[in-house]
Amino acid sequence: MTIRSVAILGAGTMGAQIAAHFANAGLPVLLLDLTADVARDGLERARTLKPDPFFTPDATALITTGGFDADFHTIATADWIMEAVVERIDVKRPLLERVDAARKPGSIVSTNTSGIAVTALAEGRSDDFRRHCLGTHFFNPPRYLHLLELIPTAETDRAVVEAVAGFADHRLGKGVVVAKDTPNFIANHIGVFGVAQVLRALASGRYTIEEIDAITGPALGRPKSATFRTMDIAGLDVLAHVARNLHLDLPLIDAMIERGWIGDKAGQGFYKRVKAAGATEIQTLDPQTLTYRAKQPPKLPALDAARSIDDTRERIKTLVAGRDKVGEFLRETLEPTLRYTAKVTPDIAYSPEDVDRAMKWGFGWELGPFETMDAIGLATEATAERRAAPPFPGGRQELAILKSARDRNAVVKKNAGASLIDIGDGVLALEFHSKMNAIGGDTMQMIRAGVKEAAANFAALVVGNDAPNFSVGANLMLLLLEAQEGNWDDIELGLRTFQDATQALRFADVPVVVAPAGMTLGGGCEIVLHADRVQAAAESYIGLVEAGVGLIPAGGGTKEMVARAVDDLPQPQTDLLPFSQRVFETIGFAKVSTSAADARRLGFLDEADNVTMNRDRVLSDAKALALERVREGYQRPAPRTAIPVGGESVLAALKLGVHLAWRAGRISDHDAVVGRTLANVIAGGALPHQTTVSEQYLLDLEREAFLKLSGERKTLERIQHTLKTGKPLRN
């Protein structure tokens with residue numbers, strides 16, 4: 001059952017964003033609403049959303065809009081028809097009746113519902129319709145939230161479930177869980193029940209909103225938005241609708257909805273932004289008086305103490321057992337939610353593992369409910385009766401090939417920054433595991449060791465990890481300390497060591513495949529640039545960001561961007577300025593890709609590199625690509641000895657651009673210093689005319705430039721500010 005095209009019925013918030021993500025996957029999409037104008041408006045609204053539902057602006061070209069009035073018959077061309085109109089059965093059923101009459105036999109029909117019984121929506125339809133019908137519950141925003149719940153009915157053909165599950169996994173990048181056709185399915189059912197327990201505790205007056213959000217965020221292995229901030233983002237009206245499906249009474253939510261305080265889209269919910277005296281203040285709702293007050297930082301010593309516990313299981317266990325306010329709150333709210341989950345799991349899911357996956361993928365929990373029960377020692381019948389695999393596809397184990405290799409004692413070598421792991425079939429993996437995977441001496445040592453070990457005993461090397469972010473770049477704290485002490489020889493040695501490491505990756509005797517995902521910044525980007533091939537997660541945010549802290553890339557990044565820009569010039573006398581200008585802007589403005597597709601546009605990935613939509617599959621795909629390169633007869637590349645550079649003419653043009661930007665007030669004094677220094681490297685230095693240079697020549701230039709900027713007071717101020725706040729300083 002092949003899915004080549006899709007029709008989305010309903011161009012509202014969800015329908016338009018789902019259409020965008022199908023377009024991200026490269027599928028032609030027909031987006032219909034009441035009229036073509038309504039559909040176009042919905043698509044335009046989606047294009048303005050932040051975060052952006054599209055990988056690149058070009059993806060919109062795959063979406064064709066139309067209206068139910070004139071274009072409904074065109075759904076007959078679609079392999080998959082998805083209804084995504086308002087969450088009302090009296091609206092959905094008549095629309096699906098029209099779909100039944102217009103669709104081609106064998107086409108998949110799904111309803112994007114968050115809680116309406118799919119069986120009720122399919123009732124009365126033709127046999128072929130019912131066999132091909134199921135629920136598809138995407139979570140908002142559909143590009144970014146991993147979970148997709150599939151809800152087959154008793155009549156849904158198993159082949160349809162398998163086709164949709166496989167397509168959603170591989171092409172849409174979703175974590176697929178098959179749910180039973182019960183109200184709110186799995187994730188919302190449990191999530192809303194948990195919210196009800198929290199609201200009950202809030203109503204007692206013993207806890208503030210700030211205290212509850214502090215407890216229910218990262219301390220429990222959950223997102224920073226915790227409980228009340230998450231509700232504001234999602235919308236209290238959405239919460240109320242889902243709660244009604246479970247017949248839950250939420251009086252505070254009802255009172256807030258009556259006042260129009262439904263969250264971010266209304267400008268206020270549990271939190272409210274207030275502008276006063278030129279500044280923005282965050283105020284918090286007082287649930288007793290329904291008035292807003294100044295935000296009060298919570299004082300919870302147990303949370304402060306728990307920050308030193310890195311293991312999430314141990315941290316949760318410690319907090320739940322605490323004889324303090326945090327422990328009381330968790331025993332009052334978390335434990336009842338876990339017991340309720342164990343009780344309802346047989347009715348809503350095909351396995352406890354699917355429940356864990358649904359909550360991790362849909363709500364960003366580090367540990368699912370049953371994993372949490374194991375951690376705190378809460379025994380239930382459901383925890384004792386786990387099944388190895390559910391009867392439907394989609395409920396697969398995460399493809400944690402590094403973890404499974406570690407479990408079988410396949411670690412070849414390890415230090416504090418990275419490990420070398422035998423992942424089977426003749427492939428060695430280099431895994432970073434420092435804090436935020438920052439690159440320091442330990443990491444560079446292991447890169448060199450990995451290249452040497454792979455050449456001696458393996459067929460290929462894969463560089464990647466299972467962390468949310470591949471690498472945030474070099475360890476700035478170490479650089480700052482060395483610069484403050486004036487240890488310039490040590491800084492230069494560190495630069496040479498990093499350059500040697502990236503060059504070792506590029507000229508390895510075996511193919512090196514780098515597998516970035518999430519933030520891949522600075523030195524992390526430089527490692528990507530020196531791979532034989534890249535297997536990137538679709539959600540990869542890649543960039544050379546050194547200019548933001550007053551530096552330039554000096555691990556081979558500047559060299560590689562210059563070389564890539566001119567690799568395939570049609571003839572040697574081509575004007576180099578446009579190519580040099582693009583590299584200058586990419587590095588000088590610290591551009592970071594918004595996706596892997598955008599990284600290709602910026603030059604961080606090339607046409608030979610691959611993209612994996614599902615983050616869980618990146619490393620397994622990287623391994624497969626590495627073995628493919630072996631079968632192709634990999635030969636290591638020769639160092640470039642004739643890279644065209646523009647010399648004095650390009651340098652003068654780039655410096656003029658810097659000067660004009662400074663005169664116009666668009667860049668600061670120190671931005672101009674960094675810009676001129678970067679221009680010198682990109683132009684190949686003050687050479688009298690256009691010529692060619694070697695890779696080593698450019699490596700020496702970028703290292704010299706980095707050292708020069710490391711001695712600038714304003715660079716050190718930028719580094720200090722970034723380390724303290726996580727934000728750039730424009731000084």
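- Residues His146 and Asn614 form a side-chain contact, since some pair of their non-hydrogen atoms from C-beta on lies under 4.5 Å apart.
- One N or O on the side chain of Gln17 and one on the backbone of Thr13 form a donor-acceptor pair closer than 3.5 Å.
- Counting heavy-atom neighbours within 6.0 Å of Lys317 NZ, excluding the residue itself, gives a total of 12 or less.
- Taking the charged nitrogens against the carboxylate oxygens, Glu210 and Arg293 do have a contact shorter than 4.0 Å, which makes a salt bridge.
- Checked for salt-bridge contact, Glu281 and Lys295 miss the test: no charged N lies under 4.0 Å from a carboxylate O.
- The two residues Thr443 and Ala438 come nearest to each other via the heavy atoms OG1-O, 3.7 Å.
- In this structure, Tyr207 and Ala201 approach most closely via the heavy-atom pair CD1-O, 3.6 Å.
- Remark: Gln720 CD to Leu729 CG distance equals 10.0 Å, nearest 0.5 Å.
- The two residues Ala234 and Val238 have their closest heavy-atom pair at O-CG2, 3.6 Å.
- Considering every non-hydrogen atom in both Ala349 and Ile186, the closest pair reads CB-CD1, 3.6 Å.
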Please walk me through it: do Thr318 and Arg315 pass side-chain contact (heavy atoms from CB on, under 4.5 Å)?
CA-CA 5 Å; Thr318 301; Arg315 187 168 61 249; 5.8 Å; no
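- Side chain of Arg718 to main chain of Pro728: no donor-acceptor pair is present (N/O by atom type, distance under 3.5 Å, no hydrogens or angles).
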Derivation and outcome, side-chain contact (heavy atoms from CB on, under 4.5 Å), residues Leu248 and Val195
CA-CA 10 Å; Leu248 290 172; Val195 165; over 6 Å; no
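- Within the 3.5 Å criterion, the main-chain N or O of Asn437 finds a donor-acceptor partner in the side chain of Ser471.
- Taking the side chain as every heavy atom from C-beta outward, Lys360 and Glu371 approach each other to under 4.5 Å.
- Side-chain atoms of Ile348 and Ile190, non-hydrogen and from C-beta on, do get closer than 4.5 Å to each other.
- Between the side chain of Asn415 and the main chain of Ala418, a donor-acceptor pair closer than 3.5 Å is present.
- Under the 3.5 Å distance criterion, the side-chain polar atoms of Asn112 are matched with a main-chain donor or acceptor of Phe138.
- By the 30° and 60° cut-offs, the orientation of the rings of Phe363 relative to Phe139 is perpendicular.
- Expressed to the nearest 0.5 Å, how far CG of Asp354 lies from CH2 of Trp361 amounts to 8.0 Å.
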Does the pair Thr312 and Glu366 meet the rule for a side chain to side chain donor-acceptor pair (under 3.5 Å), with working shown?
CA-CA 8 Å; Thr312 304; Glu366 247 181 86; 2.5 Å; yes
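- When the shell of 6.0 Å around CZ of Arg408 is examined, it contains more than 12 heavy atoms from other residues, nucleotides or ligands.
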Trace of the side-chain contact (heavy atoms from CB on, under 4.5 Å) decision for Lys174 with Leu147:
CA-CA 6 Å; Lys174 292 298 169 188; Leu147 178 63; over 6 Å; no
Checking Ile401 against Ile421 for the side-chain contact (heavy atoms from CB on, under 4.5 Å) test, could you report, in this order, the C-alpha distance in whole Å, the side-chain angles of both residues, the deciding distance, and whether it holds?
CA-CA 10 Å; Ile401 62 175; Ile421 305 173; over 6 Å; no
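- Rounding to the nearest 0.5 Å places CZ of Phe228 at 10.0 Å from CG of Leu236.
- A heavy-atom distance below 4.5 Å is not found between the side chains of Leu145 and Asn140.
- Each of Leu476, Leu716, Thr715 was scored for a side chain to side chain contact (heavy atoms under 4.5 Å, CB included) with Val549, with one residue passing: Leu476.
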Could you go through the side chain to side chain donor-acceptor pair (under 3.5 Å) check for Glu87 and Ser114 one step at a time?
CA-CA 8 Å; Glu87 192 79 343; Ser114 60; 3.0 Å; yes
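- Not a single donor-acceptor pair under 3.5 Å links the side chain of Thr289 to the backbone N or O of Pro287.
- Ring-plane geometry between Phe55 and His21 is classed as perpendicular, the angle between the planes exceeding 60 degrees on a 0 to 90 degree scale with a lower cut at 30.
- We find the CG-CG distance between Leu402 and Leu619 to be 5.0 Å, quoted to the nearest 0.5 Å.
- Contact check for Leu220 versus Trp365: no side-chain heavy atoms found under the 4.5 Å cut-off.
- Taking the side chain as every heavy atom from C-beta outward, Leu479 and Ser710 approach each other to under 4.5 Å.
- Between the side chain of Asp232 and the main chain of Lys272, no donor-acceptor pair closer than 3.5 Å is present.
- A salt bridge does not link Arg313 to Asp374: none of the charged nitrogens lies less than 4.0 Å from a carboxylate oxygen.
- A 4.5 Å side-chain heavy-atom check between Val463 and Phe470 finds at least one atom pair inside the cut-off.
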Asp264 vs Arg229, salt bridge (charged side-chain N to carboxylate O under 4.0 Å, His left out): CA-CA, chis, key distance, verdict:
CA-CA 9 Å; Asp264 284 5; Arg229 181 77 188 102; 3.0 Å; yes
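- Interatomic distance, Asp356 CG to Thr345 OG1, rounded to the nearest 0.5 Å: 8.5 Å.
- Counting heavy atoms of neighbouring residues, nucleotides and ligands inside a 6.0 Å radius, atom NZ of Lys403 does not exceed 12 of them.
- The two residues Leu378 and Glu335 make their nearest non-hydrogen contact at CD2-O, 4.4 Å.
- Panel note: side chain Glu149, backbone Ala187; a donor-acceptor pair is recorded below 3.5 Å.
- Of the possible donor and acceptor atoms, one in the side chain of Ser595 sits under 3.5 Å from a partner among the backbone N and O of Asp598.
- Within 6.0 Å of NZ in Lys325 there are more than 12 heavy atoms belonging to other residues, nucleotides or ligands.
- Asn188 has its side chain within reach of His137: a pair of non-hydrogen atoms, C-beta onward, lies under 4.5 Å apart.
- No salt bridge links Arg357 with Glu353; every basic N to acidic carboxylate O contact stays at or beyond 4.0 Å.
- A donor-acceptor pair under 3.5 Å links the side-chain atoms of Asn731 to the main chain of Lys714, judged by distance alone.
- Nearest heavy-atom pair across Ala517 and Ser540 is CA-OG, 3.5 Å.
- Between atom CG of residue Asp169 and atom CG of residue Leu148 there is a gap of 10.0 Å, rounded to the nearest 0.5 Å.
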